[in-house]
Amino acid sequence: MSAATGRSVGDLVGKVRDRLRGDRRVDPDALLARVGAVERFVRATTDHVPEDRLGAAHTLIERAGARLALSRDHTVVALAGATGSGKSSLFNALARLDLSPVGVRRPTTGVAHACVWGPLDGANRLLDWIGVLPRHRFVRESALDGDDEAALHGLILLDLPDFDSVERAHRLEVERLLGLVDLVIWVVDPQKYADRVVHTGYLRGFQQHRDVTLVVLNQADRLPAADLPVVLDDLRRLLDADGLDGVPVLATSAVDPAAMTELRGILESTVAERQAALRRLAGDVDAVTAGLADLIGPPAAEDDVDRTTIRELTDALAATAGVPAVAEATERAYRHRAAASTGWPIVRGWRRLRPDPLRRLHLPGPDAPKTADDEAAPTPLTSVPDPTAAQRSAVGLAVRAVAAKSSAALPAPWPAAVTVAARSRLGDLPDALDRAVAGTDLGVGGRPVWWRIVGGLQWLVTLAAVAGLGWLLLGYAVRALQLPALEYPMIGAVPLPTALLLGGLLLGLLLALAVRPLTSFAARRARARAENRLRAAVAEVGREHVVAPVRSVLQAYAQAREALAAATPPR
Ligand SMILES: Nc1nc2c(ncn2[C@@H]2O[C@H](COP(=O)(O)OP(=O)(O)O)[C@@H](O)[C@H]2O)c(=O)[nH]1
Ligand SMILES: [Mg+2]
């Protein structure tokens, strides 16, 4: 009927073919790669994105996988439209057989019929998948045709149930089938072509498949020749409003073989190209990726969780874990142990009776080196004071800050997912911190050399004092027993035993005083060392329990981002 618009049939077929080909051929490998990328996207996001957002992607993966695994030599074309538009008549006219019941008696049927051009064998699995029952399959190949129908070899034409059927099951069946076929021919008739239901109910939702849709105005023979261009223009306008601008429109008549030439031409070239199935799926991938685009934004920061944030987290964790208290106890323990080693021997024993500050916290003292058993022990190892409410809430805040800062730039639902991940192991924190503190070598186990030297000197001067005392006592005893008096050697004006006793005592005292600042200095160093080690252990707990889960979500985001980019058509 293109003659009515002043164009030759060849022109229109060429134009339609260009349109249906789209701007590019779809490379099957590239398409498979895109579907694979959608699959990667689903895998990366499945734990973090609401399930309903991934439904279309799941459907696509399943359909594309199945369709591409089935015959690519066949092109499945569906005739769809409202009751009475002439789908069955067109089907029969194209097949040149009387296969599908034409609705004179209106046996509106809820099932699709299929006609296969060429051998049925290859098409059967495809038809099984599409769900056309074997008794509704027909073959268009007979010796009588000769080469007439050869150009359509590979075509599988479906006559779909009426999409406006009053039976819901029929409509659902139509929708299901429209999801599976490679090319859709929308059949409208001069009476109902402007029907709102046709446009709002179906055609508008089919925008993504513009490349694999064409619209035919059937029963053109019923229009006065002069009206046809007007009606076609009107239909064109309506389709443009549906977002289907560019979709080919042509006129047909099922009762006039000459008015079917264009449609046959288009089907022939479509079948020969073997692109419809790929184009349809490519359109599906376009739709799915467009629907997922808002889940992905800028790249996750290279340095996903910054140092400052981690330091703040470590500060908060260190406070709840009682690191300051343990460090303080370490300093006191150092003084205590140093005094026990370097103090005046007479009072050393008494000092030893006082409890060691670290042992009071159930932290390893020098006599209780930590063992493998200790590390494996599950629950409270230390008696470090319980964290205060303020300390606990500081940890909560620091954990939230890790989540918030690392996901600030990401679109929903990622920040929420990151927060969930950051908090996922909060419950394990107290035990983990306790184990970390208990497992840290505080570096106060050994006895420094200088303690031993000072301790040795203390013994020496004490022995001198004791020897002097003994000598003096001996002198008194000798005098008391009226024995000949002992002659003490003299050092200047002082007898040697007196010098030994007083000198020993004095030296011991001076030594103890002299050592004090050294002990203080070393104790502060021991505290700093212990604090560093404890903070390192606590930071490791933070990394494992807070930062690592956050990173794994950020990694999932990065993977999803990469996958979506790979699945999205190049612009
Ligand atoms: N004049 C004319 N009548 C047609 C044409 N196509 C279908 N019909 C008639 O329209 C009615 C409905 O056709 P049918 O193929 O059953 O439509 P379906 O419901 O879409 O399958 C039948 O009476 C057909 O004979 C056509 O191109 N020209
Ligand atoms: Mg019908």
Side-chain angles (χ1 to χ4, degrees), residues 1-5 9 12 76-115 130-133 135-138 140 156-178 181 183-195 197-199 201-203 206 213-229 231-232 235 248-267:
M1 291 282 129
S2 60
T5 57
V9 167
L12 184 71
V76 185
V77 178
L79 291 162
T83 319
S85 56
K87 298 179 296 300
S88 303
S89 303
L90 278 177
F91 182 85
N92 293 347
L94 285 166
R96 297 184 190 177
L97 286 172
D98 195 13
L99 303 172
S100 213
V102 176
V104 196
R105 282 159 286 122
R106 295 259 151 230
T108 42
T109 162
V111 297
H113 291 73
C115 181
I130 291 170
V132 176
L133 295 175
R135 66 170 182 278
H136 297 132
R137 299 174 193 174
F138 307 98
R140 187 67 194 94
I156 299 178
L157 188 66
L158 299 186
D159 180 15
L160 299 196
D162 305 321
F163 83 82
D164 57 349
S165 168
V166 285
E167 292 211 29
R168 202 174 121 74
H170 294 189
R171 294 200 304 274
L172 289 177
E173 176 66 354
V174 172
E175 271 180 51
R176 190 186 70 78
L177 291 163
L178 287 177
V181 301
L183 180 74
V184 178
I185 299 175
W186 282 97
V187 184
V188 295
D189 61 71
Q191 283 83 52
K192 288 205 269 182
Y193 75 91
D195 205 339
V197 187
V198 180
H199 295 274
Y202 275 83
L203 288 171
F206 229 66
T213 302
L214 66 111
V215 177
V216 300
L217 177 68
N218 190 38
Q219 307 186 17
D221 58 288
R222 293 192 167 178
L223 282 173
D227 289 357
L228 183 57
V231 173
L232 280 174
L235 176 57
V249 180
L250 55 144
T252 57
S253 170
V255 295
D256 175 7
M260 304 271 294
T261 325
E262 285 171 13
L263 184 57
R264 284 186 81 88
I266 290 167
L267 289 176

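Model, not experiment: these values are computed from the prediction. Counting starts at 1 for both ligands and their atoms, following the listed order.
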Ligand 1 contact on Ala220 by region, counting heavy-atom pairs under 4.0 Å: neither
Structural part of Leu90 in contact with ligand 1, heavy atom criterion under 4.0 angstrom: neither
For ligand 1, which atoms sit closer than 4.0 Å to a heavy atom of [X]?
X      : answer
Asp162 : 19 (O)
Ala254 : 6 (N), 26 (C), 27 (O)
Ala82  : 20 (O)
Asn218 : 5 (C), 6 (N), 27 (O)
Asp221 : 1 (N), 2 (C), 26 (C), 27 (O), 28 (N)

Option of least heavy-atom distance to atom 7 (C) of ligand 1 (set: Ser85, Ser89, Ser253):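 Minimum heavy-atom distance to atom 7 (C) of ligand 1 goes to Ser89.
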Selection from Ala80, Ala93, Gly84 by shortest heavy-atom distance to atom 19 (O) of ligand 1: Gly84
Polar contacts were defined as any N/O atom of the residue lying under 3.5 Å from an N/O atom of the ligand; does this apply to [X] and ligand 1?
X      : value
Thr83  : no
Asp159 : no
Gly86  : yes
Thr252 : no

Sub-4.0 Å heavy-atom contact, Gly81 with ligand 1: no
Might you point out which heavy atoms bring [X] and [Y] nearest each other, and give the distance in Å?
X      : Y      : answer
Ala82  : Ser85  : O-OG, 2.8 Å
Asp159 : Lys87  : OD1-CB, 3.5 Å
Pro161 : Val174 : O-CG2, 3.2 Å
Pro190 : Asn218 : CD-O, 3.0 Å
Lys192 : Thr83  : NZ-O, 3.0 Å
Leu158 : Ala114 : CD2-CB, 3.4 Å

Within-4.5 Å side-chain heavy-atom neighbours: Val184 and Leu160: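 Side chain of Val184 against side chain of Leu160, heavy atoms only: no contact under 4.5 Å found.
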Side-chain touch Val132/Ile156, heavy atoms, less than 4.5 angstrom: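 No; the side chains remain at least 4.5 Å from each other.
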Residues which pass ring pair (Phe, Tyr, Trp, His ring centres under 6.0 Å) with Phe163, listed by chain and number, not counting sequence neighbours: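 Here the qualifying residues are Trp186, Tyr202.
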By salt bridge (Lys or Arg N to Asp or Glu O under 4.0 Å) - contacts of Asp189 (at least two apart):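 By the salt bridge (Lys or Arg N to Asp or Glu O under 4.0 Å) rule, Asp189 matches no residue at all.
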Contact check: Ser89 to the Mg ion (ligand 2), N/O/S below 2.8 Å: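 It does not: Ser89 brings no N, O or S atom closer than 2.8 Å to the Mg ion (ligand 2).
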